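I have placed the structure first, in the form of structure tokens, so that the comments after it can refer back to it.
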Protein chains: 4
Amino acid sequence: MPKVGMEPLRRQQLIDATLKVIDEVGLARTTFALISKEAGMSTGIISHYFGNKKGLIDATVRYLVSQLRVKGVYTDPLQRLMGIVDANFAPIQRSRASGRAWLSFWAQSTQDADLHRLQQINRKRLISNLTYSFRPLIPAEHVKEAAETTAALIDGLWLHCALEPERQELFALHAKRCKVHIQRFLLQFATSNNARER
Amino acid sequence: MPKVGMEPLRRQQLIDATLKVIDEVGLARTTFALISKEAGMSTGIISHYFGNKKGLIDATVRYLVSQLRVKGVYTDPLQRLMGIVDANFAPIQRSRASGRAWLSFWAQSTQDADLHRLQQINRKRLISNLTYSFRPLIPAEHVKEAAETTAALIDGLWLHCALEPERQELFALHAKRCKVHIQRFLLQFATSNNARER
Amino acid sequence: MPKVGMEPLRRQQLIDATLKVIDEVGLARTTFALISKEAGMSTGIISHYFGNKKGLIDATVRYLVSQLRVKGVYTDPLQRLMGIVDANFAPIQRSRASGRAWLSFWAQSTQDADLHRLQQINRKRLISNLTYSFRPLIPAEHVKEAAETTAALIDGLWLHCALEPERQELFALHAKRCKVHIQRFLLQFATSNNARER
Amino acid sequence: MPKVGMEPLRRQQLIDATLKVIDEVGLARTTFALISKEAGMSTGIISHYFGNKKGLIDATVRYLVSQLRVKGVYTDPLQRLMGIVDANFAPIQRSRASGRAWLSFWAQSTQDADLHRLQQINRKRLISNLTYSFRPLIPAEHVKEAAETTAALIDGLWLHCALEPERQELFALHAKRCKVHIQRFLLQFATSNNARER
DNA sequence: TATGAATGAGCCTTCATTCAT
DNA sequence: TATGAATGAAGGCTCATTCAT
């Protein structure tokens, strides 16, 4: 019997190769030939494991989404907010490839129902996390807007990182900037609370 | 019968057709055949006027960039900030096509030096405009951060619009939200100014 | 403007090339590469004129079907029957290719609704022609069976020709044999008529 | 745990699976993957037992040919003729699969020397059987033609059954029709004999 | 004896680009 | 100036066959 348990390994190897190739030539020029060469396998293996190109792309996106999960457990809401920001900047900070890939997938998601769903799930999770963390910190009527605006700010800063992949210093700078912005935002309500208390 | 002076008209018709096709099928599936059919011309005319596909895409991006210019003259800095926001949401509000196209071009810009340059020019102009308007309103040491963060917020909200092209109500909502956020941001400094003045 | 009126010519050239290639290597190994090489054109031209492979195959079958039409006008029913036989053996007699192609298409027709329909139309036309010609010659209650059995005999003899493409003498022999059989069949009723008349 | 003496069983299971798959998707789309799945075995086993695809196809044809042997022993020549007809319609009557498969193999036989030989052997045996049975019944100078024409009629009627696999009633109808035709044919000579005798 | 993961040649099809008209 | 027929390279995908286990 041939080697067993190779499937998860091979799949991950192919996903890694896909991310690398997308980083190098862009999603539009990403071909089976380039991916299989990068992975050191044959072209047939991709269809074998993922059915077709869409299957590979979907799996790659799902992998990227899974990388965004918040690590660690936070008891302090503010610490949790900072953790969310870090979790969203971590992958792009780890590898330039994921930033470019995300951008391509977002663009593609307007034409592909599955990608669109994945992207929506991802966004909803982010907003849900933010909402949960903002709630103890600010008045209820501002929570929704705070969460959605913060999500947009993360996306916007993140987008800038992806568009300037050579400027690696942006990753840390923008994560920092995002945290500062949140803290300043919270300060407003602390101030007005104080004002009211006085 | 060929006519003289047709060139600018033909070029614009082809650019419009290109945007429409990108909106309908995505940049990856945008072909000369679809564009020329949409424009009611032959496939050959595209190479004739734009040299090759890249020439057409570049011209289309340049057209989109030109659409973002701030309309009107503002004397009040705050009014000018609001005008910048409106100018950035106007094109996507006018036609769903430009949102999708922008997203595709951004993704492509990581692989194409010309697109990258166009995208950088656009961004620098936005930040320059924001900087100019923030300067009279907040302390000098916060201007740069305010401009860049606001630019990111605009991009992030705009991105959400582009990713949810069916939800047309987002265009106005996000423009509004962006303006509210800017005003609240300015309020901070007004408050602290007042506090100091007292 | 490029040459006009090329389409019918090109289409026929490609159909002829297809028949030749099917004859040489069989339908299963008939490829765009072989067909376009045989026709002295590029591979792309086939999709250009026929959409896809199925389009080409369907057009080729339709051409073969059109070749089976009975030539000439007959007033005498018996002469007409002989004409029908000749019309059915003529194409295979003219070119070995059509015999092999027909066989392949028949085999394929069990998997392809369009081919099945074409084959049924063809068969119904043959039986209709035979019925029309038998009617004045034999009692009404035997016409249907005579037509269907004769159709089967034509198919069976024809099949033998297609399966032995090297034995070109079979074409004439089987056409002759078919006619003899029909005449002998008619003789039966002539005899019994005479018997009854007596 | 491998067993000894499995070979004949495994081979037959694979041949049965092959016939089933050919019936379902046609010879052109019959793949090792489908066959092995149908048989509940691995893809490798086919090459293991039959060498390659051609080996499997040849074995399948040989199996079909073997199914056509006349069952039973007949003393009466006329009964024997009817038995030959029954033997030729029996397989297709038993399973729709064999009809489709035969048709595919016939088409393929024009490109494959081995298949062609098998098909010729089969035909010669049929004609030999018919000749042997016709000889006591009709004048010697008509035997050859009677045998060959009857063979063609059987093929033609059989072909119609294969092309209309949904119409299962055709199997019995055409077998019957074939027998009637033979009897009417024999009647001719009986009549003329009687005439002469008178 | 039996497996099924892996290969890679070859298929159909798409499409930017060319060029005779 | 404008056409669109024609090209042919390159893509995704299929599948018979191999071979380590």
Side-chain angles (χ1 to χ4, degrees), chain A residues 1-7 9-10 28-36 39-56, chain B residues 1-7 10 28-37 41-56, chain C residues 1-7 9-10 28-36 39-56, chain D residues 1-7 10 28-37 41-56:
Chain A
M1 214 188 320
K3 299 170 210 167
V4 282
M6 291 299 286
E7 184 167 336
L9 179 59
R10 286 273 182 273
R29 278 193 298 233
T30 293
T31 64
F32 278 26
L34 288 175
I35 294 170
S36 57
M41 307 178 201
S42 70
T43 60
I45 201 74
I46 299 175
S47 304
H48 185 257
Y49 276 122
F50 296 96
N52 53 25
K53 193 173 187 179
K54 186 165 157 34
L56 172 62
Chain B
M1 185 173 32
K3 294 172 189 169
V4 285
M6 291 298 284
E7 184 168 336
R10 286 267 189 273
R29 278 194 297 229
T30 293
T31 64
F32 278 29
L34 289 174
I35 294 170
S36 57
K37 190 180 176 186
M41 307 179 202
S42 71
T43 60
I45 199 85
I46 300 177
S47 305
H48 188 260
Y49 275 129
F50 296 95
N52 53 25
K53 194 171 188 178
K54 185 163 158 35
L56 171 62
Chain C
M1 214 190 322
K3 299 171 210 165
V4 284
M6 291 301 286
E7 185 167 337
L9 179 59
R10 286 272 182 273
R29 278 193 298 233
T30 294
T31 65
F32 278 28
L34 289 174
I35 294 170
S36 57
M41 308 177 200
S42 69
T43 61
I45 201 76
I46 298 176
S47 304
H48 184 258
Y49 277 121
F50 295 96
N52 53 26
K53 194 172 186 180
K54 187 167 156 35
L56 172 62
Chain D
M1 184 173 33
K3 294 173 192 170
V4 285
M6 291 298 284
E7 184 168 335
R10 285 265 189 274
R29 279 193 299 230
T30 294
T31 65
F32 277 29
L34 289 174
I35 294 169
S36 56
K37 191 180 175 186
M41 307 178 200
S42 70
T43 60
I45 200 84
I46 299 176
S47 304
H48 187 260
Y49 277 130
F50 295 96
N52 54 23
K53 195 171 189 179
K54 185 164 157 34
L56 172 61

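Throughout, a chain's letter reflects where its sequence line sits, starting with A, and its residues are numbered from 1. Quantities reported herein were computed from a predicted structural model and do not represent experimental measurements.
For the OP1/OP2 pair of E/dA5 and a distance below 4.0 Å, the side-chain nitrogens and oxygens of A/Tyr49 include no atom meeting the criterion. The phosphate of F/dA2 has OP1 or OP2 within less than 4.0 Å of a side-chain N or O from B/Arg10.
When Watson-Crick and G-U wobble pairs are counted only if both distances are under 3.5 Å, E/dT21 pairs with F/dA2. Taking a pair to require two hydrogen-bonding distances under 3.5 Å in either a Watson-Crick or a G-U wobble arrangement, E/dC11 pairs with F/dG12.
The distance from atom CD1 of B/Ile35 to atom C1' of F/dG4 is 16 Å, rounded to the nearest whole Å. Nucleotide F/dT18 holds its P atom 23 Å from the CE atom of A/Met41, rounded to whole Å. As a whole-Å value, the separation of B/Leu34 CG from E/dC15 P is 8 Å. One interatomic measurement links the two molecules: CD1 of B/Ile46 to C1' of E/dT18, which rounds to 14 Å at whole-angstrom precision. Put simply, CZ on D/Phe50 is 15 Å from P on F/dA16, counting in whole angstrom units. The distance from atom CD of C/Glu7 to atom C1' of F/dA6 is 13 Å, rounded to the nearest whole Å. A straight line from CD1 of A/Ile45 to P of F/dC15 spans 16 Å, rounded to a whole angstrom.
By the neighbour-count criterion of 12 heavy atoms within 6.0 Å, atom NZ of D/Lys54 is densely surrounded, having more than that number from other residues, nucleotides or ligands.
Sequence order on DNA chain E of the closest nucleotides to A/His48 and B/Thr30 puts A/His48 first from the 5' end. Residue whose closest nucleotide on DNA chain E sits further toward the 5' end, between A/Ser42 and C/Lys54: A/Ser42. Heavy-atom distances to DNA chain F give each of D/Gly44 and A/Arg29 a nearest nucleotide, and the one nearer the 5′ end belongs to A/Arg29.
Of the candidate nucleotides E/dT17, E/dC11, F/dT18, F/dT18 has the atom nearest to the side chain of D/Ser47. Counting only heavy atoms from C-beta on, D/Asn52 has its side chain closest to F/dT17 among E/dA9, E/dT17, F/dT17. In the set E/dA2, F/dC13, E/dC12, the nucleotide with an atom closest to the side chain of A/Lys53 is F/dC13. When distances run from any side-chain atom of A/Thr43 to the nucleotides F/dA2, E/dA6, F/dC13, the shortest one goes to F/dC13.
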Return a table of donor-acceptor pairs under 3.5 angstrom between the side chains of residues 42-51 of chain A and protein atoms on other chains or two or more places apart.
none

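Across all their heavy atoms, B/Arg29 and B/Leu34 have their closest contact at O-CD1, 3.5 Å.
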